[in-house]
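Being a predicted model, the structure only gives us computed values, none of them experimental.
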Amino acid sequence: GSHEPKIGMHSRKVILGRARVCTSFIKCQEEVNLGDCTIGSSKKGEVKISNLSELSCRVGLSFSSKILKVVDPKTEDGKVTIPPMSHFSFVLEIVPMRINPGYLKQIKVVNYTNRDNDLFVKLRSNNVDSNRVSLHALYYTVRSEHPSNTVFF
């Protein structure tokens, strides 16, 4: 016999395999209420995100505001990776500039691993002028090189 392969002959092998497949799902609270926030003062709150999956997920917050910012984590792109079945808290800081007893900001929690699972959190605060900052602002002017006329000590 010839040792050359026969044309048209196929060999078939079966390889058994197993895979765990899952979709990234997160959850978070529906509302963060900071309560009374004094004009010109800073107050912090947290948005806690739970990763319900056995898969790491990449998340971030999306919003636009002059008085609200993310202070932790300080990442370049604002995104963090949450390990499987764990939690992470974004720390937000608000520095109100005027009286607004019903301040409300909608924050989008973006699940970059599963965009069908993007969520929303309402941030509420009662922005009050307990130190009469607005009254004193009528008599004084602050000039600073910073675009928001803020003086840092």
Side-chain angles (χ1 to χ4, degrees), residues 14-153:
V14 176
I15 300 173
L16 297 177
R18 183 186 295 183
R20 291 180 71 183
V21 180
C22 64
T23 303
S24 168
F25 283 105
I26 60 171
K27 78 171 184 177
C28 62
Q29 75 264 46
E30 292 181 14
E31 185 175 298
V32 174
N33 193 329
L34 298 177
D36 288 350
C37 296
T38 303
I39 290 177
S41 298
S42 132
K43 193 160 187 184
K44 293 180 180 168
E46 290 186 355
V47 175
K48 183 178 179 183
I49 302 168
S50 300
N51 180 2
L52 306 176
S53 308
E54 295 182 16
L55 172 75
S56 291
C57 67
R58 196 103 167 108
V59 298
L61 302 182
S62 176
F63 62 92
S64 175
S65 175
K66 292 179 183 175
I67 65 169
L68 185 66
K69 65 180 179 179
V70 176
V71 291
D72 188 41
K74 294 185 186 311
T75 62
E76 284 206 19
D77 60 0
K79 301 173 188 173
V80 295
T81 300
I82 304 177
M85 308 303 285
S86 70
H87 314 282
F88 182 83
S89 292
F90 283 92
V91 179
L92 299 170
E93 179 182 47
I94 187 170
V95 182
M97 302 311 251
R98 63 175 183 235
I99 297 171
N100 184 349
Y103 180 80
L104 173 66
K105 175 59 70 174
Q106 183 170 283
I107 299 169
K108 186 175 190 177
V109 180
V110 182
N111 182 350
Y112 291 98
T113 317
N114 176 9
R115 294 305 302 271
D116 289 336
N117 184 225
D118 288 355
L119 305 173
F120 291 94
V121 174
K122 291 177 183 167
L123 182 123
R124 294 183 188 278
S125 68
N126 180 25
N127 300 344
V128 295
D129 191 6
S130 57
N131 297 331
R132 296 189 179 183
V133 173
S134 298
L135 176 65
H136 293 295
L138 297 173
Y139 302 108
Y140 301 99
T141 304
V142 175
R143 301 223 186 263
S144 147
E145 293 179 9
H146 195 271
S148 68
N149 258 353
T150 306
V151 178
F152 298 99
F153 297 97

Would you say that [X] contacts [Y] through its side chain, given a criterion of any heavy-atom pair below 4.5 Å between the two side chains?
X	Y	value
Val59	Phe90	yes
Pro84	Leu55	no
Val128	Ile99	no
Lys122	Leu104	yes

Determine whether a donor-acceptor pair (N or O, by modelled atom type, separation under 3.5 Å) exists between the side chain of [X] and the backbone of [Y].
X	Y	answer
Ser50	Leu52	no
Asn114	Phe25	no
Ser53	Thr23	yes
Asn126	Gly35	no
Gln29	Glu46	yes
Asp129	Ile39	no
Lys27	Leu119	no

Distance from [X] atom [atom1] to [Y] atom [atom2], nearest 0.5 Å?
X	Y	atom1	atom2	value
Phe120	Lys108	CZ	NZ	5.0 Å
Ser125	Asn100	OG	CG	7.0 Å
Ser62	Lys79	OG	NZ	10.5 Å
Ile49	His87	CD1	NE2	12.0 Å
Lys66	Met97	NZ	CE	10.5 Å
Asn33	Tyr103	CG	OH	13.0 Å

Distance-only side-chain donor-acceptor flag, Ser24 / Asn111, under 3.5 Å: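 Yes, a side-chain donor-acceptor pair sits under 3.5 Å.
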Short side-chain donor-acceptor distance under 3.5 Å, Thr81 and Arg58: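 A pair is found: one side chain offers a donor N or O, the other an acceptor, under 3.5 Å apart.
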Side chain to side chain contact (heavy atoms under 4.5 Å, CB included), paired with Leu92, selected from Leu61, Leu34, Asp72: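 So, applying the side chain to side chain contact (heavy atoms under 4.5 Å, CB included) to Leu92 and each of Leu61, Leu34, Asp72, only Leu61 qualifies.
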Considering all heavy atoms, the nearest Ile26-Asn51 contact: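 Taking every non-hydrogen atom into account, CG2-CA, 4.3 Å.
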Ring-face cation of Lys105 near Phe63 (centre distance under 6.0 Å, axis angle within 45°):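 No, Lys105 and Phe63 do not form such a contact.
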Salt bridge flag under 4.0 Å for residues Glu31 and Arg124: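 Looking at Arg124 together with Glu31, the answer is yes, because their closest N to O distance falls below 4.0 Å.
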